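Quantities reported herein were computed from a predicted structural model and do not represent experimental measurements. Lettering follows sequence order; numbering is per chain, from 1.
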Amino acid sequence: MTPYDPKTLEPKWQRRWEESGVFHAKQDRSLPKYFALIEFPYPSGYGLHAGHPRPYTGLDIIARKRRLQGYNVLFPIGWDAFGLPTENFAIKNHVHPADVTAANIAHFKSQAQSLGFSFDWSREVNTTDPAYYHWTQWIFLQMFRRGLAYKKDMPVNWCTSCKCVLANEEVVNGVCERCGSEVIQKNKSQWMLKITEYAQRLTDDLDELDFIERVKTQQRNWIGRSTGAQVTFQTTAGDDLEIYTTRPDTLFGATYMVMSPEHPLIEAWAGRLENLEEIRAYQREAAKKSDFERTEMNKNKTGVRLLGVQAVNPVNGEKIPIFLSDYVLISYGTGAIMAVPGHDERDWAFAQVYGLPIIEVVAGGDVTKAAFTDCATGVMVHSGFLTGLSVEDAKKKITGWLSEQGIGHEKVNFKLRDWVFARQRYWGEPVPIVHCPQCGMVALPESELPLTLPRVDQYEQTDDGESPLALLTDWVSTACPQCGGPAKRETDTMPQWAGSSWYFLRYCDPHNGQALASPEALDYWMPVDWYNGGMEHTTLHLLYSRFWHKFLYDIGAVPCPEPYQKRTSHGMILGEDGEKMSKSRGNVVDPDEIIRMYGADTLRLYEMFIGDFEKTAPWNSASIKGCRRFLERVWALQEAAARTQEKGIRPELEGEFHRTIRKVSLDTENLKHNTAIAALMSLLNVITESGGATREELRIFLLLLNPFAPHMTEELWELLSFGGRITDQRWPAYDEAKCAAQTAEILVQINGKGRAKLTLPAEISQEEALAAAKAEPKIAEALAGKTIRKELYVKGRLINLVV
RNA sequence: GCGGACGUGGCGGAACUGGCAGACGCGCUGGUCUUAGGAGCCAGUGGGCAACCGUGUGGGUUCGAGUCCCACCGUCCGCACCA
C-alpha cells in the first residue's frame with residue numbers, strides 16, 4: 001500500500017477535474033437543475049484566511065452531493081472586486097487598482113483551487129470587467145428611466161482634516177478612522193435608489209421564502225413597517241402641524257408636541273416666535289452634532305420650547321405647547337410628533353426634564369413612576385368617547401373619527417430609507433449619466449455602454465471631496481446625447497454593493513454580449529436554490545439584491561419575483577485565542593500552510609467537523625490531526641478490502657450502514673456536516689472493529705465521504721478499480737426498514753432510577769416487555785413486597801415502574 | 001435601553017416529539033511495538049473510596065427535565081431616540 005500523500009494526489013485530481021470539465025454545468029436542460037450559491041469573495045491583498053473555506057466547503061458538499069443525486073448543478077464563483085481597500089492599497093503603493101485587483105484575483109483563485117471546490121470555473125465573473133459592469137450600468141439606466149434613481153441633497157460624513165467624504169464604516173466613534181479628527185455632516189448631492197418603493201413587497205414576500213428565521217426577522221426589523229395614523233393639529237400660527245403616531249388611541253393624553261430641529265415650519269413661523277434666537281441656537285447645536293453624538297445623548301433629552309405658537313389638540317380643543325428636540329428625527333414620519341408622556345418612554349423622560357403634565361389615558365400602570373406602554377391589557381380612561389375601550393378598539397374608533405373630521409387617516413410607515421448610491425471614488429462603476437445645461441440629467445444611450453472607467457494615475461479625492469474622475473477634464477467634457485450640446489459626465493461612481501446586487505444572474509449566462517443573461521438561461525437556472533452567506537450581509541447585500549431582482553422582475557428582465565429560494569448562514573471561524581482573526585492580533589490561520597501540513601481534504605473535513613456550521617467556532621491547531629488520522633484510517637481500508645472475498649454488505653453491518661447513509665443524507669441537508677462526519681467516523685470504528693471491509697462496504701463509504709474529502713475518495717476509487725470517476729456515480733440509497741435495529745437495549749427503572757438493562761426484540765409489545773422486566777432477577781428482588789402504582793413503557797427505550 | 005441566541009467534561013462539541021447526559025474528535029493515563037517515539041496499535045478517561053452527585057444559579061411542572069415554565073446571573077450578536 002502506498003502511503004496517503006495528499007501533496008501529490010490532490011493537485012492531480014484538481015488538474016483532472018478542471019481538464020475534463022466535470023464540474024461545468026451541463027447544457028442539458030432536460031435534467032433537473034440545482035443552483036447552489038456562495039457569496040463571491042472580495043479579493044483582498046491578504047489572500048484567503050481560514051474563515052473563507054468554511055462556507056465554501058459547506059455548500060461544495062451540497063453541490064457535490066446534488067451531482068451524485070443526478071442534478072445538473074450550477075456552483076459558480078466570481079470576484080466582487082471594486083471597492084475601497086483595493087483603492088487605498090493602490091494609493092499607498094502607487095500601483096493601479098486594476099493591477100492590484102488582477103494580482104489579488106490570481107492569488108485567491110489559486111488558493112481556492114487548491115481546496116478542491118467543485119466550482120464551475122468556466123463561469124467565473126468579475127465585477128470590474130467592463131463586459132460585466134456593462135450590465136450593472138444597464139440596470140442603473142433602467143432604474144433611472146423609471147424614476148427609481150434620482151439625485152438628492154444628502155448629509156454625508158465629511159472629515160475636516162482629510163477633506164473627504166467618508167463611508168459610515170470609516171467613521172469610528174465620531175472621528176475619522178484614519179486621522180482621528182472630527183467628522184461633521186455636510187450636504188452633498190447624491191445618487192439615491194428608491195428602495196422604499198419596494199419596502200412593502202420586500203417585507204411581505206419574506207413569508208414565502210425558505211430563509212432561516214433570524215434573517216427574516218432582521219430584514220423585517222430593518223424595513224420596520226408600522227401601522228398608525230397621520231393626524232393634523234391646528235396651530236395658533238394658522239399652519240397645520242402634521243404628525244405620525246402608532247398610538248392614535250392616546251390622543252387625549254397628548255400634552256405637548258415635539259418637532260425635529262430641521263422641521264421646515266420653523267422658518268415659516270420665524271416672525272411669530274418670541275425666542276427665535278434661542279431656537280436658532282438649538283438648531284445650530286443639533287446640526288453640529290454627528291449621528292454618533294445624537295445617539296449618545298440618548299438618555300438626557302434636550303429641547304427648546306417655541307414661544308408664540310401653540311398647537312390645538314383636536315379631540316378637546318386644548319392649547320398645548322410645542323417644543324423642538326433632536327430626539328425627533330426629520331427623516332421619519334412627518335418630522336413631528338404628539339407627545340404622550342403617560343404612554344411613551346421618551347416623551348415621559350422629556351416631560352420629566354421640562355415639568356410637563358402627564359395624563360393617564362390607558363389604565364394599568366402608574367404614570368407618575370414610568371410610562372405605561374402595554375397595548376395588550378390596558379383599558380382607556382380619561383378619553384372622552386374612547387373611555388372604556390381596549391387599546392385596539394380605541395385605535396380603530398379614533399382613526400375612524402379622525403377620517404370623518406377630515407383631520408387624519410390610517411398610515412403605514414417604514415424605517416427603511418432610500419439607498420445612497422454614489423461614492424466620490426475612483427474604483428467603482430462609472431454612473432452612465434450626462435449633465436447637460438439644456439436638458440438636465442440625460443441617460444447615456446444603451447449603445448454607448450459599457451461606459452468604461454478611464455485609466456488614470458491619480459485616484460485620490462479632490463480637495464472638495466469630488467471623485468478623482470472630476471479631474472479628467474477630457475473625459476468629463478462630452479456631448480449631450482439628447483441635444484448634442486456641450487455637457488459633462490457624472491463623476492461619481494457606484495458603491496461596492498452595485499456589482500453584487502445581480503451577479504448570480506450573470507452566472508446563468510456569463511458570456512452573453514446582448515443581455516445580462518438570456519431569457520432561456522434565466523428561466524432554467526433561476527431562482528437560486530440555496531444561498532449561503534454571512535449574517536453581516538442580511539440588511540445590506542441580501543436586501544439590496546432582492547430589491548434589484550424585484551425591479552428586474554417588474555420590467556420583465558427576470559422570470560421570478562425573488563432571487564433566492566433558500567438562505568442559510570454560517571458562523572465565523574475565530575482565531576486560536578477565541579478572538580476574531582485579524583492581522584493586528586496576529587491570530588490569522590493561513591489555509592495554504594494547513595494544506596501543506598495536512599492536505600486540503602483534512603482542512604475541509606476539519607472546518608466542517610469543528611462545530612455547528614451556524615455558530616462561531618475557535619480554530620484549534622491541535623484538533624486538526626484527528627481529521628487527518630480519520631482519513632489515514634480510511635486509506636488503510638483498501639488493504640482489508642483487497643483481502644476479503646465477501647460480497648455485498650455483511651449482514652451484521654447492514655443496519656449500521658443504512659443508518660449511516662440515512663444520517664449523512666439528512667444531516668448534510670440541514671448543514672449539520674459536523675454530525676454527518678461523526679457518523680462516518682463511528683461507522684469506520686465499527687468497520688475496523690469488525691476486522692476489515694468488503695469492497696461493497698468500502699464503495700458505499702467512499703461515496704458518503706466523497707463530498708467532504710473529494711480528492712482522496714477519488715484516488716481510492718481509482719486504486720480499487722471501482723470504474724469511472726467517483727464524481728460520476730450515484731449517491732447511495734438507504735432502506736428505512738433496514739435502519740431499524742433488531743434488538744433494543746431497554747433500561748428498567750424503578751421510581752425513575754435505572755436498575756437493570758434488558759436486551760429485547762425491538763418490536764416487542766408493552767405487555768411482553770413489562771413481563772420480561774419483572775422476570776429479571778434484580779428487578780424482581782427490588783419489587784418484592786412493593787405495590788406497583790404505575791407502569792410506563794417507552795418503546796425501544798425504557799420501562800419505568802413506580803412503586 | 002430594546003430584541004434575539006446561547007450557557008453541557010481539561011478543550012471543540014453531541015443528545016429525535018421530555019426517556020441510559022457527555023456521541024464524535026482533541027487532550028490526558030496505562031500498555032504494546034520500537035535504538036527512539038512528538039508515528040501506529042490496544043485499553044481507559046465527568047466527579048467521588050463508596051452509596052451517590054453531576055448540563056450557569058434558585059424555584060416549579062412531571063413517573064422522568066440539558067430539553068418545558070418562572071425568577072436571577074453571565075456570554076455573544078443585532079438594533080440603537082423610527083413616535
Rounded to the nearest Å, what distance is computed from the [atom1] atom of residue [X] to the [atom2] atom of nucleotide [N]?
{"X": "A:Lys395", "N": "B:rA83", "atom1": "NZ", "atom2": "P", "answer": "11 Å"}
{"X": "A:Phe350", "N": "B:rG1", "atom1": "CZ", "atom2": "P", "answer": "23 Å"}
{"X": "A:Ile799", "N": "B:rG19", "atom1": "CD1", "atom2": "P", "answer": "17 Å"}

**Request:** Can you figure out which of B:rA83, B:rG19, B:rC81 approaches the side chain of A:Asp344 most closely?
**Result:**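 The closest nucleotide is B:rA83.
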Check this for me, if you would: do [X] and [Y] make a salt bridge, where the nitrogen-to-carboxylate-oxygen distance has to be below 4.0 angstrom?
{"X": "A:Glu791", "Y": "A:Lys774", "answer": "yes"}
{"X": "A:Glu392", "Y": "A:Lys395", "answer": "yes"}
{"X": "A:Lys663", "Y": "A:Glu656", "answer": "no"}

Can you tell me if [X] touches the phosphate of [N], counting only side-chain N or O atoms and a distance under 4.0 Å to OP1 or OP2?
{"X": "A:Arg629", "N": "B:rG27", "answer": "yes"}
{"X": "A:Thr675", "N": "B:rC24", "answer": "no"}
{"X": "A:Lys415", "N": "B:rA80", "answer": "no"}
{"X": "A:Asn685", "N": "B:rG25", "answer": "yes"}
{"X": "A:Asn674", "N": "B:rA14", "answer": "yes"}

**Item:** Whether A:Tyr544 and A:Trp419 hold their rings parallel, tilted or perpendicular, with breakpoints at 30° and 60°
**Value:**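 Plane angle under 30°, so parallel.
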**Request:** Give A:Ile610 one of three labels, base, sugar-phosphate or nothing, depending on what nucleic acid heavy atoms sit under 4.0 Å from its own.
**Result:**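 Counting heavy atoms under 4.0 Å across all strands, the contact made by A:Ile610 is with sugar-phosphate only.
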Say you pick atom [atom1] in [N] and the same atom in [M]; how far apart are they, in whole Å?
{"N": "B:rA15", "M": "B:rG4", "atom1": "P", "result": "24 Å"}
{"N": "B:rC68", "M": "B:rU61", "atom1": "C1'", "result": "8 Å"}
{"N": "B:rG3", "M": "B:rG54", "atom1": "P", "result": "34 Å"}
{"N": "B:rU55", "M": "B:rG7", "atom1": "C1'", "result": "9 Å"}
{"N": "B:rG46", "M": "B:rG13", "atom1": "C1'", "result": "15 Å"}
{"N": "B:rG10", "M": "B:rC16", "atom1": "C1'", "result": "30 Å"}
{"N": "B:rA71", "M": "B:rG9", "atom1": "C1'", "result": "28 Å"}

**Item:** Cation-pi geometry met for A:Lys301 and A:Tyr327 (6.0 Å, 45°)
**Value:**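 The answer is yes; both the distance and angle limits are met.
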**Message:** Taking pairing as Watson-Crick or G-U wobble with both contacts under 3.5 Å, can you name the mate of B:rG19, or confirm there isn't one?
**Reply:**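 The base-pairing partner of B:rG19, which may sit in any strand shown, is B:rC63.
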